[in-house]
Amino acid sequence: MRLSIFPHRFDLKDYIMCYDIKASTETQLKRAQRKGDLSAVTEILEYLIPFTDLPIFHASGFSHPELLIYTNDAPEFPIVATWGLVPHWIKDKQQQQKIWNSTLNARIETIYDKPSFKDSLKDKRCIIYIDGFYEHHHYDNKLYPFYIQRSDKKPMALAGLWSEWTDPDTGGKFNSFTIVTTKGNTILSKIHNNPKIKEPRMPLILTDDIEDKWLTFHQNESSEAFFKNPIPSFPSDKLKAHTVEKLRGKNYLGNVEETSKLVTYDDLITNF
């Protein structure tokens, strides 16, 4: 496991998209639990969870945490994968290290155009279940972190793409994923107001009725039709947000439960 409680060195470009998440073990088991298969859940807890970085109270994608993802190959039983997609055509570990910081997110609007993602879109889609995510708000030349979650506190199902890469030196298999992003909804357009970006972004949160469709549509018959009608952003009224302690610098609490707790800033004024 490689998750570190110490913050990575960031600059403003690091606040453009969804790079910070919270994911509990219970939330990551949601899909496996829904059929009431206790033996499957026990197997996941015993054989998969020890190879992840769960529970994650706060992790940046730049630390490349290992989580569970549910894939179109096995929709009800997860695999362990690392955040930061490594395409199957990557030649060696050196090239892998160069690419995976730039494949933490995949914009849904250009997903067909990017060599890193278009192959995965055809037959390697996944869902990542998280408790919530963090975004930074710009106000008076300062950054204020917010924690965003569903209003009902149910797990968020994020659309993702995944890849299986074979290490040419060892022959070992390496699973990795990227989180698909979309245009920010009303609440994210107010929170995610980085002046250096053209528009606010947010992860593509799948509504309950579309989760299975994301995993099961067939490329040869319906994928283009699936994307011709854009998947709507998750409704703002079904999300809630609050400010938290700084996620960078000396006040960073680390990967602890308190990181997502409410913190009030006297000098921050918002209209949401």
Side-chain angles (χ1 to χ4, degrees), residues 1-3 5 18-61 63-72 74-84 104-105 125-135 145-162 175-181 188 202-212 214-215 234-235 238-242 244 247 253-262:
M1 294 188 291
R2 64 174 60 83
L3 181 62
I5 64 172
C18 176
Y19 290 149
D20 299 80
I21 62 168
K22 176 183 178 181
S24 64
T25 301
E26 295 76 16
T27 289
Q28 287 249 288
L29 288 173
K30 177 201 172 187
R31 192 174 182 91
Q33 289 174 326
R34 71 180 187 176
K35 288 192 174 182
D37 188 343
L38 296 181
S39 62
V41 172
T42 300
E43 186 176 346
I44 294 167
L45 287 170
E46 184 173 354
Y47 295 109
L48 295 185
I49 294 298
F51 293 97
T52 71
D53 291 307
L54 297 167
I56 294 172
F57 301 106
H58 168 258
S60 160
S63 66
H64 304 289
E66 293 169 329
L67 293 86
L68 299 179
I69 64 172
Y70 294 81
T71 73
N72 53 296
E76 310 301 334
F77 197 88
I79 63 173
V80 178
T82 301
W83 190 2
L104 298 174
N105 292 158
R125 297 172 306 282
C126 66
I127 293 177
I128 309 100
Y129 289 95
I130 66 171
D131 295 77
F133 62 98
Y134 302 86
E135 288 290 2
F146 278 76
Y147 176 64
I148 301 101
Q149 61 186 320
R150 285 179 55 145
S151 299
D152 56 13
K153 294 188 177 180
K154 290 183 178 180
M156 284 183 177
L158 304 188
L161 306 175
W162 70 286
N175 296 319
S176 61
F177 70 92
T178 183
I179 293 174
V180 177
T181 67
L188 263 298
M202 65 183 289
L204 179 55
I205 307 169
L206 301 173
T207 54
D208 296 342
D209 62 314
I210 207 171
E211 283 185 38
D212 290 338
W214 176 259
L215 291 181
F234 199 79
K238 295 187 182 300
L239 295 176
K240 62 179 182 179
H242 62 258
V244 297
L247 300 178
L253 299 175
N255 180 35
V256 295
E257 190 170 3
E258 290 72 23
T259 301
S260 63
K261 301 298 184 183
L262 171 66

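Quick note: residue numbers are just sequence positions, from 1.
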Let me have the donor-acceptor pairs involving side chains of residues 41-49, under 3.5 Å, with sequence neighbours excluded, atom names and distances please.
residue : atom : partner : partner atom : Å
T42     : OG1  : L38     : O            : 2.9

Taking all heavy atoms of [X] and all of [Y], pick out the closest pair and write down the distance.
X: V256; Y: F57; answer: O-CB, 3.1 Å
X: I21; Y: I56; answer: O-CG2, 3.8 Å
X: P65; Y: D53; answer: CA-OD2, 3.4 Å
X: I148; Y: M156; answer: O-CE, 3.7 Å
X: L215; Y: P75; answer: CD1-CB, 3.9 Å
X: T259; Y: G254; answer: OG1-O, 2.6 Å

For this session: Could you give me the CA-CA distance, side-chain angles and deciding distance for V244 and Y134, then say whether side-chain contact (heavy atoms from CB on, under 4.5 Å) is met?
Result: CA-CA 9 Å; V244 297; Y134 302 86; 4.1 Å; yes
Are any side-chain N or O atoms of [X] and backbone N or O atoms of [Y], one a donor and one an acceptor, separated by less than 3.5 Å?
X: W214; Y: I127; result: no
X: N255; Y: H58; result: yes
X: T178; Y: N105; result: yes
X: H64; Y: W83; result: yes
X: S151; Y: L239; result: yes
X: T181; Y: M202; result: no

Please name all residues satisfying side chain to side chain donor-acceptor pair (under 3.5 Å) with [X], sequence neighbours left out, ordered by chain then number.
X: D208; answer: none
X: D37; answer: S39
X: T25; answer: none

For this session: Would you kindly say whether S60 and D20 are connected by a side-chain donor-acceptor distance under 3.5 Å?
Result: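 No.
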Exercise. Going by atom types only, do S260 and K22 share a side-chain donor-acceptor pair under 3.5 Å?
Worked result: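 Per modelled atom types, S260 and K22 side chains form a pair under 3.5 Å.
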Partners meeting side chain to side chain contact (heavy atoms under 4.5 Å, CB included) with [X] (sequence neighbours left out):
X: D152; answer: R150, K154
X: E26; answer: S24
X: A81; answer: I69, N175, F177

For this session: Before giving the answer on side-chain contact (heavy atoms from CB on, under 4.5 Å), spell out for Q28 and L54 the whole-Å C-alpha distance, their side-chain angles and the decisive distance to 0.1 Å.
Result: CA-CA 9 Å; Q28 287 249 288; L54 297 167; 3.5 Å; yes
Exercise. Considering residues at least two apart in sequence or located in another chain, which fulfil the salt bridge (charged side-chain N to carboxylate O under 4.0 Å, His left out) criterion with E76?
Worked result: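 Once residues adjacent in sequence are excluded, the partners of E76 under the salt bridge (charged side-chain N to carboxylate O under 4.0 Å, His left out) criterion are R31, R34.
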Problem set entry | Non-hydrogen side-chain atoms of T52 and L67 separated by less than 4.5 Å |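 The answer is no, as the side chains (C-beta and beyond) never meet within the 4.5 Å cut-off.
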Exercise. Can a salt bridge be assigned to the pair E211 and K30 using a cut-off of 4.0 Å between side-chain N and carboxylate O?
Worked result: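 Yes.
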Problem set entry | Partner residues of F234 under the ring-ring contact (aromatic ring centres under 6.0 Å, His included) criterion, sequence neighbours left out |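 So F234 forms no ring-ring contact (aromatic ring centres under 6.0 Å, His included) with any residue.
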For this session: Please name all residues satisfying ring-ring contact (aromatic ring centres under 6.0 Å, His included) with F146, sequence neighbours left out, ordered by chain then number.
Result: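 Per chain and number, F146 pairs via ring-ring contact (aromatic ring centres under 6.0 Å, His included) with H137, F272.
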Exercise. Is there a ring pair (Phe, Tyr, Trp, His ring centres under 6.0 Å) between Y70 and Y129 once you walk through the steps?
Worked result: CA-CA 9 Å; Y70 294 81; Y129 289 95; 5.5 Å; yes
